[in-house]
Amino acid sequence: MTTADLQALLARFDTITDTYLKDEMETAVRHREAITPLLIAILEELAANPLRYTLEDRNGHVYAVSLLAHFQEPAAHQPIIRAFTAPREQLEELWGDMVTETLPTLLYRTCGGSLAAIREMVVNREIDLFVRCAAVEALTYAVAEGMADRDETVAFVEGLFTGEEAEADSFFWSNLVATLC
């Protein structure tokens with residue numbers, strides 16, 4: 001597949017439609033090696049200018065994260081984190097329900113076995129609350145899949161009950177309790 005063909009494929013992903021682009025996704029999967037750097041570049045561009053993405057009604061980032069998680073691409077882990085830590089004003093418009101429904105899997109599947117960046121997200125009060133909670137959920141996936149030690153993860157989550165991690169009435173606390181259960 002030529003560079004022009006790949007760019008045309010990415011342009012198709014960028015157009016918002018009511019239809020899942022199954023054929024295009026299958027093409028992207030077949031050309032994993034060539035398309036991966038381009039998908040990562042989409043996320044880096046979004047992270048650098050999320051407002052532009054919202055104003056232009058772009059959609060390629062949704063396909064990009066889905067493909068990169070499918071590829072279990074560790075090079076995409078930090079770009080995904082940066083893309084999901086967009087300012088709160090753009091986060092909902094950029095990602096919608098993906099923050100709570102998909103982000104835990106995206107983080108887990110791209111972490112390459114290192115949970116350090118996910119743990120950093122959990123404790124970073126500058127990050128959106130729902131993104132932080134998704135990071136907590138990603139840690140549970142790591143335990144379930146045998147990537148992380150259960151006792152170590154429980155100790156990490158228990159250590160978050162100092163009262164400094166979120167406002168007193170925050171959803172964060174019930175999320176931590178649910179995680180421990």
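As the structure is a prediction and not an experimental result, all values here were calculated from the model.
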field: 4.5 Å side-chain heavy-atom contact, T179 and E137
entry: no
field: L103 side, atom CG; M121 side, atom CE - distance, nearest 0.5 Å
entry: 5.5 Å
task: Could you tell me whether E167 and R125 have a side-chain N and a carboxylate O separated by less than 4.0 Å?
output: yes
- prompt: Does atom CD of E33 have more than 12 heavy-atom neighbours from other groups under 6.0 Å away?
  reply: no
task: Check whether any side-chain heavy atom of F84 sits under 4.5 Å from a side-chain heavy atom of L46, and report yes or no.
output: no
query: Once you round to the nearest 0.5 Å, how far does OG1 of T3 lie from CG of L38?
result: 7.5 Å
- request: Indicate whether the side chain of D5 and that of T2 have a donor and an acceptor atom separated by less than 3.5 Å.
  value: yes
message: Taking atom CZ as the centre, does R52 end up with more than 12 heavy-atom neighbours from other residues, nucleotides or ligands that are less than 6.0 angstrom away?
response: yes
statement: When rounded to the nearest 0.5 Å, the distance separating CG of L107 from OG1 of T102 is 10.5 Å
query: Is there side-chain contact between P50 and P87, with at least one heavy-atom pair below 4.5 Å?
result: yes
message: Using the rule that Ile, Leu, Val, Met, Phe, Trp and Tyr join whenever any side-chain heavy atoms are under 4.5 Å apart, tell me whether L180 and L129 fall into a single cluster.
response: yes
field: Side-chain heavy atoms of E73 within contact of L67, under 4.5 Å
entry: no
message: Could you measure the distance from the CG atom of L39 to the CD1 atom of I42? Nearest 0.5 Å is fine.
response: 5.5 Å
- prompt: Taking the six-membered ring for Trp, are Y53 and H61 parallel (under 30°), tilted (30 to 60°) or perpendicular (over 60°)?
  reply: perpendicular
query: In terms of the angle between their ring planes, are Y141 and Y108 parallel, tilted or perpendicular, with boundaries placed at 30° and 60°?
result: perpendicular
query: Hey, are E45 and R58 close enough for a salt bridge, meaning a charged N less than 4.0 Å from a carboxylate O?
result: yes
- request: Report whether V29 and M1 are members of the same hydrophobic cluster (ILVMFWY, side-chain heavy atoms less than 4.5 Å apart, transitive linking).
  value: yes
query: Would you call E152 and R119 a salt bridge, taking side-chain N to carboxylate O under 4.0 Å as the test?
result: yes
task: State, with a plain yes or no, whether a side-chain heavy atom of R82 is found less than 4.5 Å away from one of E44.
output: yes
